[in-house]
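The next block holds one structure in the form of structure tokens; read it before the comments.
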Amino acid sequence: MGNKQTTFTEEQLEAYQVALHGRYRELAPHLVPLDYTNNPDIRVPLSLIVTMPELKENPFRDRIVETFSEDGQGNMSFNDFVDMFSALCETSPRELKTIYAFKIYDYNRDNFICKEDLQKTLNKLTKGELTPEEVTLVCDKAIEEADLDADNKLSFADFENMISKAPDFLSNFHIRI
Amino acid sequence: MPRKSAAAEEVGIDIDEDVSDSDDGDNRRRANRRQGGGRGGGRGGAKGRGRGKKADSDEEEDDEDEAPKGRGRGGNRRRPANKRGAGKNNDDDSEDEAPKKKRGGAANRRKGGKAQESEEDSEAEKGKKGRKGGKKGGKEEDNGKGKKGDAKGKNKGKDKDDDKDKKKKKKKDDSSSDSNSNSDEEEESMSEGEMARLMEEVEEKKKLIANIRNKPWRMKRRLVLLKEAQQFVDKFEGALGKGKGRKWYAYKVMMTKKWIKFQRDFENFRTACIPWERKIKEVESHFGSSVASYFIFLRWMYGMNLVLFGLTFGLVVIPEVLMGLPYGSIPRKTVPRAEQPTAQDYSVLMDFNGYCKYSVLFYGYYNNQRTIGLLKFRLPLSYLLVGIGSFGYSLMLVIRTMAKNADVGGGDGEEGEFTFAWKMFTSWDYLIGNAETADNKYASITTSFKESIVDEQENQKDENIHLRRFLRVLANFMITCSLGGSGYLIYFVVKRSQEFANRTDLSWYEKNELELIMSLLGLVCPPLFETIAELEDYHPRIALKWQLGRIFALFLGNLYTFLFALFDEVNTKLDEEESIKNASIWAMKEYYANYSRLLNDSDSTPPPMDPGDVIRGPCWETAVGIEFVKLTVSDIQVTYLTILIGDFARAVIVRFLNYCWCWDLEAGFPSYGEFDISGNVLGLVFNQGMIWMGAFYAPGLVGINVLRLLSSMYYQCWAVMATNVPHERVFKASKSNNFYMGLLLLILFLSLLPVVYTIMTLPPSFDCGPFSGKAKMFDVIMETIDLDLPAFMGTLFSYAANPGLIIPAVLLMVLAIYYLNSVSEAYQNSNMELKKKMQMARDEEKNRRNNKDSTNQVMKDLEDLMPNRSLSPPAPPEPEKPPEPEAKPTKTKPGSAGKGVNLQKDVTLASPNPNARGPIDRPPGPRGPGPGPRGPGPGPGAGGGRGRGRGPPPR
């Protein structure tokens, strides 16, 4: 959340960073030092990050953490951590959220959301309660709806176009901390 | 250091930028970018532009000269000036002024980082430019700009540049006007301008600070940039004397945040105030929106009934209890002597006789005293007005809700576009942090997917239409038959019960035959209809509507036969009343006569007769009220028992006997029950009709109904969650509940009729109820007008009741309805038209994008025909080189093809083709009309011109 308050004074910014740092340190007290003045290069692994109450019920938690971590493996530095909450916070703009949402749903990181990505998303959303035929149907339909350039996968432009019209994307895609 | 990182990531940023900037100035910016790129290439490639370049550099030097001057003046303000330069570059880029673009690479890159400014930004900077121009002296600026424009115009001579020139000229005008306005300021002091510039700079920095979180950069980089900007602002804001506002600003921001939080909390509070919201959501997440729609309807009904309850109890029942005469004071408030021994028996009370019958619950209890109590409360008037008012309120509410729902239905016409994609990407609420909520959410997402899948499958279904039609006709025939049969059965039973009414030795069955038969029909027919409806194989949502309609017809038949029977009863009671009235008067006289004769004292007034002994009329109103209350109560009993036995007992048996049974009970025959939406909804609607009809004769009925709805909410919520399983095909409820509302409106209207009929035509009983002693019930209004309102009001009303006034009023209303109807039709048409257009636009967009990929066969063919092109990839958006040299002979301006929008290029690629190869023996195919006029036409030059002519519009 640190950067959300950038219109604030330096002290307030500090305060927020400290608060966030507290949360960060909470996850791995043995790893993260209290003193952060000289920016130590410390990364908290994915398995610890996803235990946060804000994330632990989210079906996409692993993907979120992976997306925001700099190494792509889910090991988060403090900056990544701040980054994550900055992007997911309530006031962060739609464009930014769209970018990160795209990255989150793009499981294989090929800059396209293809059918496999959709299937993974769907299975996480429904806890695998749909039959394979239903899954295929839904994925086909979703691509058919949103795919504007007929390449059978969703590019970022397709995704953005689709998301920009979604009524509850903004209200759903954020985390309060 | 930011520069370094910026340089490293420049490409990435550019992409992100392009993407993230999509909101407003998207198109424009994109076009600009392309232009810029094209020109950059052109500058490198084309030779004939040396002069232009020179001019550019001249101009640039001017600028550079400018800058140091500023620096010199500003003394220690070197840095801001520098920054300003960067900022200006930034501006230049977005305004697309090529000449200045090649200014310092570092600055440029720097700008790359910052470039993502909003539209207003560049506006602001325009303004800044203007001020700068002002300082320089408007004329000089004009000249320079004009020259520049000229040079460029001459050199490039492309329409694009014309375009740009125009833009520039506009800007120039701006600047000159600005300079004029600023000139006096500038004369005052030089540092004023400096100040302004600095202020702009600070503003810009602030904007950067404010926008930095919009940028998808890594935190490290953001922090660095942020720190730099903040330092700058800190340093110079104070110098400009703007620091004062900072605290205020921070305060304001904080307050905004607080306000937002407050709003959120308030919203939460409001949601928490909606009764049963969580219960319903829970049901919805497991059983789908169709089942939830029933509960929402139930809640709505509860709200409406609460208001009716408030009206009736507040204005009729409670005043009567508080201020009216107590029980036993007058005959109508006393149980007759003959009934007194059994009046407290349970069975009698359950039939709403005995003490129940002579209580505030029923019409007969109310006295016809014109005013009661100290407050002079006009109870009879209030009784009538509440009776009519509840109808008025219900009508208004139902119609308003329907209208609102219809509004919602019109609003989200676009919904069909991305059903699945939206569900997939936006349905998970990232705020969920509670395991139970998360489980519900999973369930609800799965359910909603299933709903959409059902819809989708229905769309894809196609089969033997004749068989389907035949089956549907057959089903309707069967259902009509059973409806007729049940109607006749009810009629028969009613007739029989009239015979029974004259007898006294009735068994329990004979007494309750009517209610039993009606409840039984209600129990048997709906499943029968449902079974028959299987034949029709409609989409579940449509099937539900049919089912609702049919059961409604069944209930309606029941209701109306019931009503006619009731009217028969009322008529016989009315006849009976005449004789009793005489008998009662005679008995009264006799009593007094006897009294005086026995005492032989004609002077003393006799004590009033014991109220229990007075001969009473049958009081048909109370009888009707009792009938309705009985029906309602038996309906409640049947409903609850059905749930208890049909659902709960079944579920228990299935669940626990499954351990020791020979087949799988859960998956096999009895299984668990499904929630019967149609039956429940209609039960509710029908019940409400009963309430409306009966409330006038039994004010207590509304209270009973409120209790029923309240208990039924909890009971059914529990029952559905505990004992039912979701429908096999979970389907989405229609967006508006208007079908339910429509049924409700119909039944409201139907129940309005008999009540109004009785109020207007039947004479009230002579010895019970608030209107006793009057010829008609509505006489109470006349009485009030005559006695309580000033005389002129009476004449006014008599005028208003004049047919000469009423007929024109009705005519006017009919005309108004006609007019509004036609207007709404027109709107509907235009709505449809717009929807169609939107759909078309969307299709077109899709097609266009498809064409880019050369999926369009015609384009492919045409491209194959081009010389030297067969090897190059079809219609590439990037490779601009191949077309250029090739197109040179035909086109005078090589750049234009490369710079066009992709689609445009496809067209230009295709269009010169027939020109370049004069004799073409291949038929042009579907593109027929295109080459036709072009083929024999003006030749290469024209082709180019055409290509160019096509260029500008998209920009």
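Letters go in sequence order (proteins before strands), and every chain restarts at 1.
- Judged by distance alone, with hydrogens and angles left aside, the side-chain atoms of B/Trp428 form no donor-acceptor pair with the main-chain N or O of A/Lys124 at under 3.5 Å.
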Any chance you could lay out the side chain to side chain contact (heavy atoms under 4.5 Å, CB included) test for B/Phe449 and A/Val138, step after step, and finish with the verdict?
CA-CA 8 Å; B/Phe449 267 118; A/Val138 170; 3.5 Å; yes

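- Using a 4.5 Å cut-off between heavy atoms, A/Leu122 touches chain B through backbone and side chain atoms alike.
- Ranked by heavy-atom pairs under 4.5 Å with chain A, the first of B/Lys450, B/Glu456, B/Gln457 is B/Glu456.
- Counting only heavy atoms from C-beta outward, the side chains of B/Tyr442 and A/Thr126 never approach each other to under 4.5 Å.
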Pair B/Phe420-A/Glu145, side chain to side chain contact (heavy atoms under 4.5 Å, CB included): steps then yes or no
CA-CA 8 Å; B/Phe420 286 101; A/Glu145 282 164 0; 3.3 Å; yes

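- To the nearest 0.5 Å, atom CD of residue A/Glu129 and atom CD1 of residue B/Ile445 are 11.5 Å apart.
- For the set A/Ala87, A/Pro59, A/Pro53, A/Cys139, the count of heavy-atom pairs under 4.5 angstrom toward chain B peaks at A/Pro59.
- Note that CG of A/Leu125 is 8.0 Å distant from OG1 of B/Thr446, once rounded to the nearest 0.5 Å.
- Only the side chain of A/Ile64 comes within contact range of chain B, judged by heavy atoms closer than 4.5 Å.
- Centroid-to-centroid, the aromatic rings of B/Phe425 and A/Tyr105 come within less than 6.0 Å.
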Run A/Glu57 and B/Asp439 through side chain to side chain contact (heavy atoms under 4.5 Å, CB included) and show every step you take.
CA-CA 9 Å; A/Glu57 293 300 338; B/Asp439 279 347; 5.8 Å; no

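- Annotation: the span from B/Met424 atom CE to A/Leu118 atom CG amounts to 4.0 Å, rounded to 0.5 Å.
- For the atom pair A/Thr121 OG1 and B/Lys423 NZ, the distance stands at 15.5 Å (nearest 0.5 Å).
- Contact annotation for A/Ala146: both backbone and side-chain heavy atoms come within less than 4.5 Å of a heavy atom of chain B.
- At least one side-chain heavy atom of B/Tyr430 sits less than 4.5 Å from a side-chain heavy atom of A/Phe60.
- Top candidate by heavy-atom pairs under 4.5 Å with chain A, chosen from B/Thr426, B/Ile260, B/Thr447, is B/Thr426.
- By the neighbour-count criterion of 12 heavy atoms within 6.0 Å, atom NZ of B/Lys261 is sparsely surrounded, having that number or fewer from other residues, nucleotides or ligands.
- Heavy atoms of A/Leu154 lying under 4.5 Å from chain B belong exclusively to its side chain.
- When heavy atoms are compared at a cutoff of 4.5 Å, B/Ser427 approaches chain A by way of both its backbone and its side chain.
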